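Structure, as structure tokens:
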Amino acid sequence: MTRALPAQLLALIFLVLTGCSGTAEPVDQPVVDTRPNTGRETWPASRWLNNPYRFADRTITYDSASDWAQGSSTGLVALPTGDLRLPPNSKTYPRLGIWTSPEITADFPFTEVLPSWNVHTPEHTGVSFFIRSRDAATNEWSPWLYLGAWGQREVAHPVEIEFPGGEIKIDYLVLNQPANAYQLEARIESASLDPRATPTLRKLETVYSGTPADGVNNSLIQTYPAVTDGWARDLPVPFRAQGIEHKSISSRICSPTSTSMVMAYFGIDLPTVTNALAIYDPEYTIFGNWHRAVAYASQHGLEGELVRIRDWDQVKAYIADGQPLIASIRFRRGEFPSNVMASTGGHLITIRGLTPEGDAIVNDSASKDRGHAVIYKAEELARAWIGRGGVTYVIRRPATKPNGI
């Protein structure tokens, strides 16, 4: 695949390579940030455990034949199981099918879209994904931007990842001005000579996010019912330390190591290095690409998505249902005293439980000696996680969504 990367993205990739990064915000290795807390970010005095910045999110999911039928497609079939794939009777080479979603009109202006997908791609097949957005002020559509891919695919022309109104920051779309609609596209390809070899798209999910104006759309901000029973528990998620792996990658694989722990919890027990090399993103040369971790788990028969955690009652509901969470965090020196690290520009941890006091029980791959079932104070973790995007991997057995989520 050929594509021109902008200078600012090249600079970001350099930062990622020098620290644990994984997305628009670094996520791949524990990075020591020695800067003091200068107060450039102001923290609310309360509501840390309940959506402190009053974000609104909406999730759009396509995972059934009726869902796929809402869009338009060429060269694809949707099976009753909900799988979208190439038909076996095509005689072209390489085989290509394209599915385009309807125009998705948002309930509120948004500035971010977080995607994830569940796929199965045999050898020599792949799926790639694109998005465009409609500016809320001008009603003009952006060009199609490349979100990412899984498997092997052929792209006949350079793909775009930015335009004057925004860009793809490795894992998600970030806009400079609010949009009021977006549209998705999936390209399903097979370069195999076996007509039965077809990639399968099982689910395509996006979360769009914005901040409704105070007093205008606050009803759009989702709240979660209090969970009173079962949330104070410790799930038996096996611990893994990233530092024991090969020295060329050990400082960069917090995302694959966290993913490995949760996959093992659900019975897919593979070596961390095997998972890391499969999750590695050769386009951005990082291990911490969020949607690649979810796609890899789905390749092994699990189900998953990226979500935004905004409310501590969400966390309680997941844990009460036996569901661990992989959380993307970052924090400066002095902000997270209970953490095994002094600071990080971006890191991923596995939340495996909650104490009766409401603090988090965490498997943190950053420390071999102290990271197993370490207790992180809820308010400190909320600042580093919920207050900085709340991005979370939810990886589970198929068709076992937690109640009330």
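Treat the numbers as computed from the prediction; the structure is a model and nothing was measured. Worth knowing before you read on, the calculation uses all heavy atoms, side chains too, and leaves out hydrogens, waters and symmetry mates. Throughout, numbering of the chain's residues begins at 1 and tracks the sequence.
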Quiz item: Under 3.5 Å, is there a donor-acceptor pair between the side chain of Lys203 and the main chain of Gly304?
Solution: yes
Practice problem: Could you tell me which non-hydrogen atom of Phe336 sits nearest to which non-hydrogen atom of Leu381, and how far apart they are? | Solution: CZ-CA, 3.7 Å
Quiz item: Can you tell if the side chain of Lys368 reaches within under 4.5 Å of the side chain of Ile244, non-hydrogen atoms only?
Solution: yes
Quiz item: Is a side-chain N or O of Asn363 found less than 3.5 angstrom from the main chain of His372, in a donor-acceptor match?
Solution: no
Exercise. Compare all side-chain heavy atoms of Leu76 with those of Ile98 and state whether any distance is below 4.5 angstrom.
Key: no
Quiz item: Judged by modelled atom types alone, do Tyr393 and Ser255 share a side-chain donor-acceptor pair under 3.5 Å?
Solution: yes
Self-check item: Thr355 and Ile361, any side-chain heavy atoms less than 4.5 Å apart
Solution: yes
Quiz prompt | Side-chain touch Trp141/Gln183, heavy atoms, less than 4.5 angstrom | solution = yes
Quiz item: Would you say the side-chain atoms of Thr257 pair up with the backbone N or O of Ser365, donor to acceptor, closer than 3.5 Å?
Solution: no
Quiz prompt | Residues His300, Leu270; criterion side chain to side chain contact (heavy atoms under 4.5 Å, CB included); working and verdict | solution = CA-CA 10 Å; His300 286 275; Leu270 298 172; 3.5 Å; yes
Quiz item: Between Tyr318 and Ile309, what is the shortest heavy-atom contact and its length?
Solution: CE1-CD1, 3.9 Å
Quiz item: Any sub-3.5 Å donor-acceptor pair from Glu380's side-chain atoms to Ser338's backbone N or O?
Solution: yes
Exercise. Identify the heavy atoms of Ala264 and Pro238 that sit nearest to each other, and give their distance.
Key: CB-CG, 3.7 Å
Quiz item: Ignoring hydrogens and geometry, is there a side-chain-to-backbone donor-acceptor pair from Thr392 to Gly390 under 3.5 Å?
Solution: yes
Quiz item: How about Val315 and Trp231: do any of their side-chain heavy atoms sit closer than 4.5 Å?
Solution: no
Quiz item: How far apart are the closest heavy atoms of Asn180 and Asn139, and which atoms are they?
Solution: ND2-OD1, 3.1 Å
Practice problem: Write down the atom of Pro271, the atom of Arg240, and the distance for their closest heavy-atom approach. | Solution: C-NH1, 3.7 Å
Practice problem: Begin with the C-alpha distance, continue with both residues' side-chain angles, and end with the deciding distance and a verdict on side chain to side chain contact (heavy atoms under 4.5 Å, CB included) for Thr105 and Arg134. | Solution: CA-CA 9 Å; Thr105 301; Arg134 189 177 67 195; 4.3 Å; yes
Quiz item: Does Pro164 offer a backbone N or O that forms a donor-acceptor pair with the side chain of Asn176 under 3.5 Å?
Solution: yes
Quiz item: Heavy-atom count around Glu123 CD within 6.0 Å, excluding the residue itself: above 12?
Solution: no
Self-check item: Gap between atom CG of Leu204 and atom OG of Ser116 - 0.5 Å precision
Solution: 8.0 Å
Exercise. I would like to know whether Arg202 and Asp63 meet salt bridge (Lys or Arg N to Asp or Glu O under 4.0 Å); could you show each step before the answer?
Key: CA-CA 6 Å; Arg202 304 204 316 261; Asp63 65 356; over 6 Å; no
Practice problem: Answer with yes or no after comparing the ring centroid distance for Trp117 and Trp150 against a 6.0 Å cut-off, counting only values under it. | Solution: no
Quiz item: Going by an N to O cut-off under 4.0 Å, is there a salt bridge joining Glu335 and Arg388?
Solution: yes
Self-check item: Test item: Ser190 side-chain N/O and Ala197 main-chain N/O as donor-acceptor pair under 3.5 Å
Solution: yes
Quiz item: Run the salt bridge (Lys or Arg N to Asp or Glu O under 4.0 Å) check on Arg396 and Glu305 step by step: do they pass?
Solution: CA-CA 9 Å; Arg396 60 175 177 270; Glu305 60 269 345; 2.6 Å; yes
Self-check item: Residue pair Arg383, Phe331: steps toward the side chain to side chain contact (heavy atoms under 4.5 Å, CB included) verdict
Solution: CA-CA 8 Å; Arg383 288 184 175 183; Phe331 56 93; over 6 Å; no
Quiz item: Can you tell if the side chain of Thr59 reaches within under 4.5 Å of the side chain of Glu205, non-hydrogen atoms only?
Solution: yes
Quiz item: Just wondering, do Tyr172 and Val207 contact through their side chains at under 4.5 Å, heavy atoms?
Solution: no
Quiz item: Do Arg333 side-chain atoms and Ala342 backbone N/O form a donor-acceptor pair below 3.5 Å?
Solution: no
Exercise. Please state whether the rings of Phe108 and Tyr208 are parallel, tilted or perpendicular, taking 30° and 60° as the class boundaries.
Key: tilted
Quiz item: Quick one: CD1 on Ile319 to CG on Leu325, what's the gap to the nearest 0.5 Å?
Solution: 5.0 Å
Quiz item: Does any N or O in the side chain of Arg352 come within less than 3.5 Å of the main-chain N or O of Leu235, such that one atom is a donor and the other an acceptor?
Solution: yes
Practice problem: Identify whether NZ of Lys or CZ of Arg in Arg308 sits under 6.0 Å from the centre of the six-membered ring of Phe110 and within 45° of that ring's axis. | Solution: no
Quiz item: Do the non-hydrogen side-chain atoms of Gln242 and Phe287 ever get within less than 4.5 Å of each other?
Solution: no
Practice problem: Count the heavy atoms belonging to other residues, nucleotides or ligands that lie under 6.0 Å from CD of Glu103, then report whether that count exceeds 12. | Solution: yes
Exercise. Indicate the atoms forming the closest heavy-atom contact of Thr206 with Tyr182, along with that distance.
Key: OG1-OH, 2.7 Å
Quiz item: From Met261 CE over to Asn275 CG, what is the distance, rounded to the nearest 0.5 angstrom?
Solution: 11.5 Å
Self-check item: Value rounded to 0.5 Å, distance of OG in Ser133 from CG in Leu184
Solution: 11.0 Å
Self-check item: Inter-residue atom distance Ile253.CD1 - Ser260.OG, 0.5 Å rounding
Solution: 8.0 Å
Quiz item: Between Glu162 and Lys169, is there a side-chain N and carboxylate O pair less than 4.0 Å apart?
Solution: no
Exercise. Answer yes or no: is there a donor N or O on one side and an acceptor on the other, between the side chain of Asp281 and the main chain of Asn289, under 3.5 Å?
Key: no
Quiz item: Do Asp194 and His124 have side-chain atoms, one donor and one acceptor, less than 3.5 Å apart?
Solution: no
Quiz prompt | Interatomic spacing from CD1 in Ile131 to CD1 in Ile104 - rounded to 0.5 Å | solution = 7.5 Å
Exercise. Decide yes or no on side chain to side chain contact (heavy atoms under 4.5 Å, CB included) for Thr121 and Gln152, but give the supporting numbers first.
Key: CA-CA 8 Å; Thr121 54; Gln152 176 182 325; over 6 Å; no
